[in-house]
Each structure stands twice: as C-alpha cells, then as structure tokens.
Amino acid sequence: MGMPSVFVRLSLCNLYCKWCDTDYTWNWEGTPFEHVNDENPGYQKFHKKDMILEIGAEELASMIRYYDCKNLVLTGGEPLLQQRELLKTVQLLKAFDRNYRIEIETNGTQVPVLAFDSLVDQYNVSPKLSNAGIEVRFRERPKAMTFFARHPRAFFKFVVSSPFDLEEVDQLMETYSIPPQRMYLMPEGTLADTLEEKQLWLTEACKERGVNFTTRLHVLLYGDRRGV
C-alpha cells in the first residue's frame with residue numbers, strides 16, 4: 001500500500017463475490033450471479049465484448065514500459081487464469097530491465113506453473129470467506145492454499161465484513177498454517193466511512209492475533225471510482 005505501481009487489470013474470474021468492486025470483469029449478461037449492486041436503480045450485468053480488450057504480449061509490455069515505474073501489479077478478475085499468456089509479457093519486461101518487480105493479486109484457487117512462478121516477486125493472496133456468497137468448494141482449494149501458505153513470497157489478505165468473519169479467518173489460518181507475519185486483515189467496503197468504522201474493531205482483532213492490518217487506500221483517496 002502506498003507503493004507507486006502500474007496496474008494491469010485482467011478480465012475473467014472463476015469466482016463471483018457478491019460485494020466485488022470490479023464486477024465488470026466477470027458479471028456478464030445471462031449469468032445467474034447475485035451482486036450487491038442489483039439493488040441500485042439502473043444497474044445491469046455487463047456485456048462481455050464491451051469489457052474486454054485483447055492485446056498481444058509485446059503490445060502489453062510496451063504499454064507497461066511507457067510508465068517510469070518498475071513495480072507491476074497484475075490483478076483481475078483472476079490473473080492466474082491467464083498465466084501462460086502473461087508469461088511472455090513478464091519475460092519481455094524482465095529482459096528489458098531486471099529491476100521490474102512483479103506482483104500477482106489472486107484469489108488463491110489457482111496454482112502457478114513453475115515457469116511463471118519463477119518470475120513472480122510477490123503474491124497477494126486474497127482467499128474468499130463466506131461473506132462473498134460463494135460455495136466453499138469453489139472458493140477454497142486446498143492444493144492452491146497449501147502452495148501459497150508454504151510459499152515465502154506469498155502474503156495473505158482476508159477481506160472482513162463483520163466480527164463474525166474472524167472465526168473463519170482463524171480456522172483457515174490454523175488449517176493451512178499461514179504464518180502471521182505474512183497475513184493481513186482488511187475491512188470490506190467501498191465508502192470511506194464504512195472503512196473507518198470497521199477498522200476500529202478490526203485493528204484490535206489484528207493485535208490479538210499478531211497479524212497485520214491494511215486498508216483500502218484507493219477508496220480513501222478517490223472513492224469507488226475507476227480509472228484513477
């Protein structure tokens with residue numbers, strides 16, 4: 001948080017979190033998924049062709065190099081669904097300048113292939129809790145969770161909506177032996193007031209568990225907006 005970074009947002013996801021603030025990457029017309037925005041007047045599911053721009057590895061690498069910034073965050077959607085296609089882009093960047101640092105934001109359900117993993121500097125793993133409205137068999141994949149829990153470059157971030165979520169967090173932390181120093185709790189919300197209210201009790205929960213606290217800096221700075 002606070003580190004200057006270039007973000008590449010990838011479309012497509014294998015999950016369907018009901019509070020997702022990037023629902024334009026997966027909530028397509030004709031799908032049955034529910035979303036909190038369904039209650040908003042005029043909200044409609046997205047037309048897939050309008051939300052996806054397909055470009056090649058060389059063009060993407062060139063767009064990233066345009067910025068005088070060496071920290072790259074590949075986010076989504078779920079970027080590891082496209083890891084084989086992203087491999088060439090990352091290879092081009094590392095060949096151009098070995099100082100490029102690659103971060104992957106993932107929901108923790110996909111295991112990276114060896115060639116891609118060797119080029120990743122940090123994984124930001126955000127497993128989904130029951131507050132996401134997804135069946136546990138889809139959101140919790142033991143093989144992937146075990147891989148990241150044992151990976152020295154993987155950090156976990158749990159999105160917490162209420163104190164009731166903490167029991168689930170504790171259970172996952174114990175089941176997969178997630179090191180507390182590589183674990184963060186973050187309040188769920190798209191409004192600054194919501195985040196500020198939740199962080200009052202969530203920071204205490206972090207201190208009790210010896211884990212890290214993080215917030216949603218982009219929401220505090222810009223609100224719930226795209227393109228900032």
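Counting begins at 1 with the first residue of the sequence.
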Check: At their closest point, which heavy atom of P112 faces which heavy atom of D117, and how far apart are they?
Finding: CB-CB, 4.1 Å
Check: What's the spacing between F46 CZ and S11 OG if we round to 0.5 Å?
Finding: 10.5 Å
Item checked: For the student: nearest non-hydrogen atoms of I178 and A149, plus distance -> CG1-CB, 4.3 Å
Note to self: Pair I52, Y24 - check side-chain contact (heavy atoms from CB on, under 4.5 Å), show working.
What the structure shows: CA-CA 9 Å; I52 297 178; Y24 51 86; over 6 Å; no
Margin query: I'd like to know if the side chain of R84 reaches the main chain of L80, judged simply by a donor and an acceptor atom lying under 3.5 Å from each other, with no hydrogens or angles considered.
Written below: no
Next item on the list: Salt-bridge test for K128 and E140: reply yes if a basic N is under 4.0 Å from a carboxylate O, no otherwise.
Entry: no
Note to self: With a 4.5 Å cut-off on side-chain heavy-atom distances among I, L, V, M, F, W and Y, is there a chain of contacts connecting L10 to V125?
What the structure shows: yes
Margin query: Ignoring hydrogens, what is the shortest heavy-atom contact between Y176 and P142? Give both atom names and the distance.
Written below: OH-CA, 3.5 Å
Next item on the list: Tell me yes or no: between the side chains of T106 and E78, is some donor less than 3.5 Å from an acceptor?
Entry: yes
Next item on the list: Would you please test H35 and Y43 for side-chain contact (heavy atoms from CB on, under 4.5 Å) and show each step?
Entry: CA-CA 10 Å; H35 195 274; Y43 176 78; 4.1 Å; yes
Notebook entry, point to check: Which of these passes side-chain hydrogen bond (donor to acceptor under 3.5 Å, both in side chains) with Q122: R101, H151, R153?
Noted result: R101
Next item on the list: Measure from NZ or CZ of R65 to the centre of the six-membered ring of F96, then state whether that distance is under 6.0 Å and the direction lies within 45° of the axis.
Entry: yes
Item checked: Which atom of L166 lies closest to which atom of A205, heavy atoms considered -> CD1-CB, 3.7 Å
Notebook entry, point to check: Do S162 and N131 get their side chains close enough for a donor-acceptor pair, meaning under 3.5 Å?
Noted result: no
Next item on the list: For residues F7 and T75, report the shortest heavy-atom separation together with the two atoms involved.
Entry: CD2-CG2, 4.0 Å
Check: Do K94 and D121 sit within salt-bridge range, that is, some charged N less than 4.0 Å from a carboxylate O?
Finding: yes
Notebook entry, point to check: If you take all heavy atoms of L93 and Y100, which pair is closest and at what distance?
Noted result: O-CD1, 3.4 Å
Note to self: Closer than 4.0 angstrom, basic N to acidic O: yes or no for E54 and K48?
What the structure shows: no
Next item on the list: Hey, can you tell me if Y123 and F147 have their rings parallel, tilted or perpendicular (30° and 60° cut-offs)?
Entry: perpendicular
Note to self: Applying side chain to side chain donor-acceptor pair (under 3.5 Å) to N27 and N37, what does each step give before you reach the verdict?
What the structure shows: CA-CA 11 Å; N27 199 13; N37 286 336; over 6 Å; no
Next item on the list: Go through the steps to decide whether D38 and K18 satisfy the test side-chain contact (heavy atoms from CB on, under 4.5 Å), and finish with yes or no.
Entry: CA-CA 10 Å; D38 292 337; K18 65 181 182 181; over 6 Å; no
Checklist line | salt_bridge(R216, D21) N-O dist < 4.0 Å | finding: yes
